[in-house]
K.L.:
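Sharing a structure, written as structure tokens. Questions coming.
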4 protein chains.
Amino acid sequence: MFLKRFFEPTLAQASYLIGCAATRDAIVIDANRDVDQYIAAAEAEGARITVVTETHIHADYVSGSRELAARTGAPLALSDEGGPDWRYGFAGDANVRRLKDGDRLDVGNVRIDVVHTPGHTPEHLTFLVTDGAAADEPMGAATGDFIFAGDVGRPDLLEKAANIRGTMEAGARQLWASLKAFEHRPDWLQLWPGHGAGSACGKGIGAMPHTTLGYERRFNWAFRAKTEAEFVRGVLAGQPEPPTYFAEMKRVNRDGPPPLGGFRRPPRLDLDALARALAGGAVVVDARPAADFAVAHVPGTINIPANAAFTTWAGWLLPYDADLLLIVDARTGVLDDAVRDLAMIGLDRLAGWLDPKVVDAWAGAGKPLGSIPQITAADLRSSLEHGAVTLVDVRNQSEWDNGHIEGARHIGLGSLAGRVDEIPRDRSVVVQCASGARSSIGASLLAARGLDRVINLAGGYNAWLAAGLPTVEPTAEPQKA
Amino acid sequence: MFLKRFFEPTLAQASYLIGCAATRDAIVIDANRDVDQYIAAAEAEGARITVVTETHIHADYVSGSRELAARTGAPLALSDEGGPDWRYGFAGDANVRRLKDGDRLDVGNVRIDVVHTPGHTPEHLTFLVTDGAAADEPMGAATGDFIFAGDVGRPDLLEKAANIRGTMEAGARQLWASLKAFEHRPDWLQLWPGHGAGSACGKGIGAMPHTTLGYERRFNWAFRAKTEAEFVRGVLAGQPEPPTYFAEMKRVNRDGPPPLGGFRRPPRLDLDALARALAGGAVVVDARPAADFAVAHVPGTINIPANAAFTTWAGWLLPYDADLLLIVDARTGVLDDAVRDLAMIGLDRLAGWLDPKVVDAWAGAGKPLGSIPQITAADLRSSLEHGAVTLVDVRNQSEWDNGHIEGARHIGLGSLAGRVDEIPRDRSVVVQCASGARSSIGASLLAARGLDRVINLAGGYNAWLAAGLPTVEPTAEPQKA
Amino acid sequence: MFLKRFFEPTLAQASYLIGCAATRDAIVIDANRDVDQYIAAAEAEGARITVVTETHIHADYVSGSRELAARTGAPLALSDEGGPDWRYGFAGDANVRRLKDGDRLDVGNVRIDVVHTPGHTPEHLTFLVTDGAAADEPMGAATGDFIFAGDVGRPDLLEKAANIRGTMEAGARQLWASLKAFEHRPDWLQLWPGHGAGSACGKGIGAMPHTTLGYERRFNWAFRAKTEAEFVRGVLAGQPEPPTYFAEMKRVNRDGPPPLGGFRRPPRLDLDALARALAGGAVVVDARPAADFAVAHVPGTINIPANAAFTTWAGWLLPYDADLLLIVDARTGVLDDAVRDLAMIGLDRLAGWLDPKVVDAWAGAGKPLGSIPQITAADLRSSLEHGAVTLVDVRNQSEWDNGHIEGARHIGLGSLAGRVDEIPRDRSVVVQCASGARSSIGASLLAARGLDRVINLAGGYNAWLAAGLPTVEPTAEPQKA
Amino acid sequence: MFLKRFFEPTLAQASYLIGCAATRDAIVIDANRDVDQYIAAAEAEGARITVVTETHIHADYVSGSRELAARTGAPLALSDEGGPDWRYGFAGDANVRRLKDGDRLDVGNVRIDVVHTPGHTPEHLTFLVTDGAAADEPMGAATGDFIFAGDVGRPDLLEKAANIRGTMEAGARQLWASLKAFEHRPDWLQLWPGHGAGSACGKGIGAMPHTTLGYERRFNWAFRAKTEAEFVRGVLAGQPEPPTYFAEMKRVNRDGPPPLGGFRRPPRLDLDALARALAGGAVVVDARPAADFAVAHVPGTINIPANAAFTTWAGWLLPYDADLLLIVDARTGVLDDAVRDLAMIGLDRLAGWLDPKVVDAWAGAGKPLGSIPQITAADLRSSLEHGAVTLVDVRNQSEWDNGHIEGARHIGLGSLAGRVDEIPRDRSVVVQCASGARSSIGASLLAARGLDRVINLAGGYNAWLAAGLPTVEPTAEPQKA
């Protein structure tokens, strides 16, 4: 038996190719939209993908299962558990096999046993994998968003992201039951989870790519809860706010993601096309580093730097119903990465890209540039004392609760696009986060929305603290992040 | 003034970006379909493309002028000479300016004077370029397919490729007149032609990227012709057969090439998809080296190796009305080059690509592979003596006329696809060219068409000669290539 | 805690970066010579490498531990077990910490306990890894060449590769003792071995990247042996012949590998330089596919195709005391991969590289090319019957024992370079392996050594069998591979 | 005949491969250190380099002629004109042919006539190129630094850069004589110069890659001078200050440049190695954009952004006798470009490189970062009025002469490294240039030299002007740039 793990750092997401060393048949579990990678990996192993499956309807990325099945001709095995609301919209496709608890998939000599493990979602499956050539007991389990290293899948997403009221406590109880039903298996069972640290599908997922049931039983907080009530309380507490795009992903993945046909660069555009696009309501993302954007940018563009958080903020801030343009360096692979990152979460309406030189060209053509002035903590304090500025803190709720600057207004960066009108336009606005990174994005967004004087707090709350300036401390016990 | 030449080796084609060093306005002349390169080059110069033009309706590649104008917002200046048959089908577009002899385009301080120079085609223009900042006389001329280094544009294409009877002699006379009208200009005028050595738009184009009028006047055969009659005779003699795809290009470029939106990899496919595509009538091009294809290939695929002649043979042999698949190594840039090469001549119906590993996988899945046996010259001679084989010589007419093997049947490789039925199926077929390269392609084509026993003459006619074997020598004076 | 596994497919070798999520300190275990990858991975994690270690003195690749320690300033922790013969020659360096059984390394909150596990080699260590932030028991163990997934490290290498007589049985007993001492640990302990399938450091290593002690205890043959004697017999039986370069690696890694300073392309050379190099005794490796080499190559060059087996055959066949030249395509990344592959096993004397076009250029300059004719199984049989050829079978011993062609002479490809004189020069030589791949290498080697008529059996022994031709079957029970 | 021009934008330098289409022999003229490109281009043409030459001893880059000749085995043809002081130090090498005026080189059917054209340097040669297959008169001339498009080579470099007193007027007279001797040739002679716009080897070189003698005779200022005196005055006026590294280049190229053996990345280093290197006196170049450097950098590093001016400022500011380290993004090709750029001008002592993440890691390890505050024009004015700051203007002389800020101190950026001591350390220093780009470099240099409070004028003199602030206007007629 062979196993290859594909880890997508922008999504903290794992998928698996598992195959039989003798027959070279292989299965793919939880494919994302980069379906080429699975075909290539199978070919590198001299293997054929003979079945495609997934643990559940994902909320954080567009599933590639359907396209992979179509591309390879392999049947698509989908959960038939969880009731009618969680049935896949394309479950009636000719190549779909519906999976129930207790079903079995054969991949050469590798045997896959299907276990229904609801909780994170109602239809969630776990796949027990037995290397039939060498053993008669499962070697491991692909657990999707059921059990992670150090955590379990959050049961509150449907309620919070997909807006299905009253489901989160029921989900937590289901998850408890699933754990109890699963835990009789042997200590040495390997667990191969669907996410690593950084995913919003859990609150404290560890960085280990794989773990064992015995280890988790001993050290994972979820297994240590004594009662269902204690577990339910624990699993619902302190979950981060789900990104806005999760609702769209759930819908797309249930109804049937359209095939992508490969990641494709949009056309290269020039200056005039940029001006026309901005005038026509396109959203233009300037993916340069924040420092460069702050110095000079084309007015109306939004700065989401092409770094590790690009996918996250694109998912929070970009619309699904507008044309998108990118300003990004193509020589460096950054353009292709950005195209891929956006497609991973279904942001496919790319109408064009431009080289960063367009910013100089814009000025060269006599058009004004924008800039985001930086203010120091000391100057901010003095401005606040004079009532000269509005301070907007764009950190998340738990950061805010743990301490903030007096007089600040709290609007998490993810919500900022929808709450611009709350900010008075009669004075300068200073945007602030922890380090200055998120506030740069927020400042660019406010400027693009027409606010005149938008300023960034250089170094953010950390700089404020480092300068020894006073803060509002939490009165109650702070929530854990 | 600045000038940048873009040379596309697969087409032996040149286009030009010429701009004003002061205002940074620029013009593009004879854009091919890789329009990104002009936008990028302009940006690298800090310039804006303010007008797009072309010398004539091209026959050997899809014009990028229309897409470039759309992408940049620049007006498109097109010939309005040559009569109604040669009017662009999209000359009525809002952004089109129609050009007549004597018109003038201003690109910052650079002045472009339009000269009608028919012959190669009726609507052909030449652009005289004056660096107005430094001089009051033209520095050079973009001559398109009017004057090349060492040759002139062939006037027989319309008749031979586009099947417009009776035009080639009239064209030759027009060309003579255009030359006479042009030659009063100063010796030091630089000439920037539209093709270099290897293009089928002339018969003896030199390898120099640029030349001067004075030099050509002295050393170009066309300027040395004493009379119109001598010139007409000379220019029509010995022109190579135009590739079959030229007719399609003429049509597309006149009627209006569709925008491409960038070169795009098709989806990656696997084994089963290949089998389905072959069954469904798709044309599958295996672009591996001929030696690899000869050893083992998927039956039904055609071998056009991804080397310098790829575009040429793709243009001769591939249909415009079928899906195309490519077997080619993606790690190496070869896939992206092949996609680009095909798009350059309008072969856009790419339905997918496969890694060369698919050949092993095909065998691994228990399906039979094909191979092309190689025969030596000595063995071929003995087989011919026994009447055991049919020998097909796929070289071009002039090569055949200069000598061939007795008993061979001559079918130029370009025509082979349409003449497969002439070859008897009751015995083995040996395919032969000069070196073994074209015959490999031809052999793959015959095998894909279902001939059972197709063999390649290793080393071709050169090997036959090197072995000292007898040939049929030309009886009359051989034509010059 | 975070863990990153680096898998080097050409060596089937794994190394690990393990770090503390809180302090961002990290350790590297079993670094190979691509030390940049560890520095880059640490940086990507925002971590610092604070200690470098390895499980044992490696025989199959040049260790990168010493260079990595020098490059990062981290201390180097090396085994001090195994007695004076197995002490590192550079153990006295200022930055070296000597490790004994029971020692402990702290990497932030991660605790590493050192266990002496001799058998594969006398000084071998295993590292137990405890995530101190979350647990008080080890999560896993980096086992090096002690326990693999499905196998254990072979104890016969020192005797066979490093020529240290009488050590293999003693090693096997030590290994038994190490296993017994290790097996009391919990089932759920993860095992992170130093090799995957394909390494010559074991005979049946599985393809799983990681396993658990509980699983191996149940399903690994080594744990199922009932007695020491049964284990010793089992572990010494059927081990493959170790490559010749292993002896050099052992020496280099013990005495102290020189720093490489990064993988570096040698200069590009041309035709004349190639001729001079060949004349001067340099070894020229033509890394093109075998089919291309067979058609035409520069006489005197050896064909080792740049595929997955490149490192293996380079290690078997190339000398450490001669200049090496490579003929390889640089556009495709193949050159840089080949440079890296060779450096991984210490083949650093690269004097230059040439593009494959040099083969055409060689002919263009009027110099003769070589070729390797291919013979079919049927023709080979007839030639053997007429006594016209010598047949050399270059497969390994167990393949030979399982069946071969009557009249063949068996010389494993790895030994061929040293046994060329055994082959008569008065007739043609046909080289044969299983599929035609190894025999192509062997044929090129014989041709480079001056044999006149070297022929390859197309398709190898498989083709012979497929043609239904008679073989010599094994009389006794065949050995398992 | 074929001709390929190689243009190196960082040096605005052109070299040429010219060859015979029949024999495929080729010559290289004025090779730079990227010798691989000539070998590759020759191979792409199916040609062999049979002679290597250069027009003169270059001052602005390390010559690659000697290495190219060694690598290809081609003879090296070097000027033997100009007297003993300008004889090549390696003219006695076995493969060197010494060239005198009137000599001739044969490259297949291409004939190269040698003309001595002193002025720019005493030994300068021009090569007249005749395509013997097609013509009996030269088609063009490789003019090196004799005649450019729109300018002539400056005759003052030896005096100014190499410090050879009293040569510049003599050189100007020689250049006049060379022009007079050359100008009888035909109008249509193409000129292929050694530099394009942007080179410091002339003052007004045009952007055209090639020109003709007829055109230059009409429109080049140098040909329009009526008398020798007028010409000498004209050619010596307004020449820019030559970069400091020119002296080193002259010496290296005359004495014999060492072979490079290809551009090679130095080892990747980490945080601790950077600290050690800084402590040990290495020069660390942070090649990130100025905006990023201004926000945060490792103290002691110098900012030379990896843009089009990188080579220029590296040549002005970096020492030849110290180890160099680079902080630069390797994923993006920028590292390899920087390595190449530095090697082009002989800065080979690269001891290592670091990823930009090292800046974060530096802070993460608890070490302080530096930053360059930005000041606005308005704030600068107020600071100047209060006498709170020293203002250093780092533009060049002619920019300063055309207008500057009152109270500023003028030290051209090129001289800044040697004049740091002139700047008082008791107050803040504001550095200013035209746009803010050069001043960023200058500010980083002052900070690296230990000045405490170094500030950059954002937007430079342009911003000052745009703000309508008063300047000191030139009293006399300003010099032309």
Side-chain angles (χ1 to χ4, degrees), chain B residues 1-5 7 9 12 16-22 24 26 41 44-47 110 129-140 149-151 185-192 196-198 204-221 224 307-308, chain D residues 1-5 7 9 12 16-22 24 26 41 44-47 110 129-140 149-151 185-192 196-198 204-221 224 307-308:
Chain B
M1 189 176 114
F2 59 87
L3 174 146
K4 183 166 167 52
R5 177 182 184 251
F7 189 68
Y16 298 91
L17 175 82
I18 297 175
C20 171
R24 314 313 288 176
E45 293 283 352
V110 174
V129 181
T130 302
D131 180 10
D136 49 11
E137 292 183 78
M139 173 191 283
D151 200 358
R185 298 176 195 281
D187 268 353
W188 42 267
L189 187 75
Q190 292 185 53
L191 305 183
W192 306 315
I205 308 179
M208 284 297 299
H210 35 78
T211 183
T212 61
L213 183 57
Y215 190 83
E216 294 305 312
R217 192 157 22 216
R218 269 160 198 78
F219 302 111
N220 185 327
W221 72 266
R224 297 174 109 164
N307 57 29
Chain D
M1 188 176 114
F2 59 87
L3 173 148
K4 183 166 167 52
R5 177 180 184 251
F7 189 69
Y16 298 91
L17 174 82
I18 297 174
C20 172
R24 314 313 288 177
E45 294 283 353
V110 173
V129 180
T130 302
D131 180 8
D136 50 9
E137 291 183 79
M139 171 190 286
D151 201 357
R185 297 176 198 280
D187 266 354
W188 42 266
L189 188 73
Q190 292 186 54
L191 305 183
W192 305 316
I205 308 178
M208 283 297 300
H210 36 80
T211 184
T212 60
L213 185 56
Y215 190 83
E216 294 306 310
R217 190 155 26 216
R218 269 159 198 76
F219 302 110
N220 184 327
W221 73 266
R224 297 173 109 165
N307 56 29

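The structure presented is a predicted model; accordingly, all values stated were derived computationally and were not measured.
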K.L.:
Go through the atoms of Ala135(B) and report whether side chain, backbone, both or neither lie under 4.5 Å from a heavy atom of chain D.
P.N.:
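The answer is both parts of Ala135(B).
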K.L.:
As an exercise: rank Phe7(D), Trp221(D), Tyr215(D) by heavy-atom pairs under 4.5 Å with chain B and give me the winner.
P.N.:
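Maximum pair count with chain B is reached by Tyr215(D).
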K.L.:
For Leu3(D) and Met208(B): C-alpha separation, side-chain torsions, deciding distance, then whether side-chain contact (heavy atoms from CB on, under 4.5 Å) applies.
P.N.:
CA-CA 6 Å; Leu3(D) 173 148; Met208(B) 284 297 299; 3.6 Å; yes
K.L.:
Tell me, with the steps shown, if Trp192(B) and Ile18(B) meet side-chain contact (heavy atoms from CB on, under 4.5 Å).
P.N.:
CA-CA 11 Å; Trp192(B) 306 315; Ile18(B) 297 175; 4.0 Å; yes
K.L.:
Contact part of Asn220(B) toward chain D, heavy-atom cut-off under 4.5 Å: side chain, backbone, both or neither?
P.N.:
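Neither; nothing under 4.5 Å.
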K.L.:
Classify the ring geometry of Trp188(B) against Phe219(D): parallel below 30°, tilted from 30° to 60°, perpendicular beyond 60°.
P.N.:
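Perpendicular, since the angle between the ring planes exceeds 60°.
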K.L.:
Top residue by heavy-atom pair count (under 4.5 Å) with chain D, among Gln190(B), Arg5(B), Glu45(B)?
P.N.:
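Sorted descending by pairs with chain D, the first entry is Gln190(B).
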K.L.:
Under the side-chain contact (heavy atoms from CB on, under 4.5 Å) criterion, do Thr212(B) and Asp187(B) qualify, and how do the steps go?
P.N.:
CA-CA 7 Å; Thr212(B) 61; Asp187(B) 268 353; over 6 Å; no
K.L.:
Using heavy-atom distances under 4.5 Å, tell me whether Arg217(B) contacts chain D through its side chain, its backbone, both, or neither.
P.N.:
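The answer is neither part of Arg217(B).
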K.L.:
Return yes if some donor-acceptor pair links the side-chain N/O of Glu137(D) with the main-chain N/O of Thr130(D) below 3.5 Å, else return no.
P.N.:
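No, the answer is negative, given that no donor and acceptor are paired below the 3.5 Å cut-off.
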